[in-house]
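Let me begin by handing over the structure; questions about it come next.
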Amino acid sequence: AFQSAVFNSVLTRRLGAGTFGALAEGDLAMKHDNGAVFAVDRAVLDTPTTPGRLARLEISPSGPMWGPRMTLAQGEAARVEHEELARTGVTMDHLAKAMDRKGEGLGGARRAMRVPLGLPEVEGGADEHGEYVRCAFELPPGAFATVVMREVMKTEAFTAETQRTQRQEEEEEI
């Protein structure tokens, strides 16, 4: 739950800055087909195929699932990630001690900041309860439908409820 909370804070900042779907020098990008992480440098940014790979959701920037063995970003991405970790009051020493007590699962990793929606469907209609909109889609493990619906609906009331539900789902995963 801690790792997810810090990841979500980084994601929120990048969403606010409009950079969650873009790459910059120092980012660590993730390949969606196999989970491989690679450093983004000037050569990657200058490669003509990079924008198309981003647009097709073949690659995405990644965010931190903090732990002592996590690969660290560089540049602006690193600054944002470290600031969000610092806001928690947790240090790398704390994370190392937690891993020693709880095991390798807390070693740290990177997670893609975007996830592909599989088999999306949207329909509207009315039934005995009134009008409705039905959204259906598949997500990869670790992604939450509540986050997708928050982005679709963009309402404050839904956002507050979604955050409570998401925290409960994350805690249940642990």
Considering all heavy atoms of both residues, which atom of L57 and which atom of H32 are nearest to each other, and what is their separation? O-CD2, 3.0 Å
Check whether more than 12 heavy atoms from other residues, nucleotides or ligands sit under 6.0 Å from atom CD of E131, and answer yes or no. no
Beyond-backbone contact of R53 with K31, side-chain heavy atoms, under 4.5 angstrom: yes
CE/M149 to CZ/F137 distance, rounded to the nearest 0.5 angstrom? 6.0 Å
Are S4 and M65 close enough that some pair of their side-chain heavy atoms sits under 4.5 Å apart?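 In contact.
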Is it possible for you to say whether L15 and F7 belong to one hydrophobic cluster, with membership spreading through side-chain heavy-atom contacts below 4.5 Å? yes
Could you see if M30 belongs to whatever hydrophobic cluster contains L45? Use Ile, Leu, Val, Met, Phe, Trp, Tyr and a side-chain cutoff under 4.5 Å.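 No, separate clusters.
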Looking at R13 and V80, what are the two nearest heavy atoms and their distance?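 Minimum heavy-atom contact is NH2-CG2, 3.7 Å.
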Would you say T50's side chain and V44's backbone share a donor-acceptor pair under 3.5 angstrom? yes
Distance-minimising heavy-atom pair for E81 and A73: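 Heavy atoms of E81 and A73 come nearest at OE1-CB, 3.8 Å.
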Between R79 and E83, is there a side-chain N and carboxylate O pair less than 4.0 Å apart? yes
Might you point out which heavy atoms bring P68 and A96 nearest each other, and give the distance in Å?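 Closest approach of P68 to A96: CG-CA, 3.7 Å.
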To the nearest 0.5 angstrom, please state how far the CZ atom of F20 sits from the CG atom of L11. 7.0 Å
Is there a side-chain contact between R14 and D27 in this structure, where contact means two heavy atoms from C-beta onward sitting under 4.5 Å apart?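 Answer yes - side chains close enough.
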Residue pair M92 / L85, side-chain heavy-atom distance below 4.5 Å: yes
I'd like to check V90 versus W66 (side-chain heavy atoms, cut-off strictly below 4.5 Å). Are they in contact?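 Answer no - side chains too far apart.
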Heavy-atom check, side chain of R111 versus side chain of S62, under 4.5 Å: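 SC-SC contact between R111 and S62 ruled out.
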Can you list the steps and then say if R42 with E25 is a side chain to side chain contact (heavy atoms under 4.5 Å, CB included)? CA-CA 6 Å; R42 179 55 35 205; E25 267 189 89; 3.4 Å; yes
When you measure from the side chain of R114 to the backbone of I59, do you find a donor-acceptor pair of N or O atoms at a distance under 3.5 Å? yes
Give the minimum heavy-atom separation between P61 and A22, together with the two atoms involved.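 Closest approach of P61 to A22: CG-O, 3.4 Å.
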M113 side chain near V10 side chain, heavy-atom distance below 4.5 Å: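 The answer is yes, as the side chains (C-beta and beyond) meet within the 4.5 Å cut-off.
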Just by distance, do the side chain of T88 and the backbone of E84 share a donor-acceptor pair under 3.5 Å?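 Not confirmed, T88 side chain does not pair with E84 backbone.
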Minimum heavy-atom separation for L54 and S60, please, with both atom names.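 Scanning both residues completely, I find the closest heavy atoms to be CD2-CA, 4.3 Å.
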Flag the pair L28 / V40 as yes when at least one side-chain heavy-atom distance between them is below 4.5 Å, and no otherwise.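 Side-chain contact under 4.5 Å: no.
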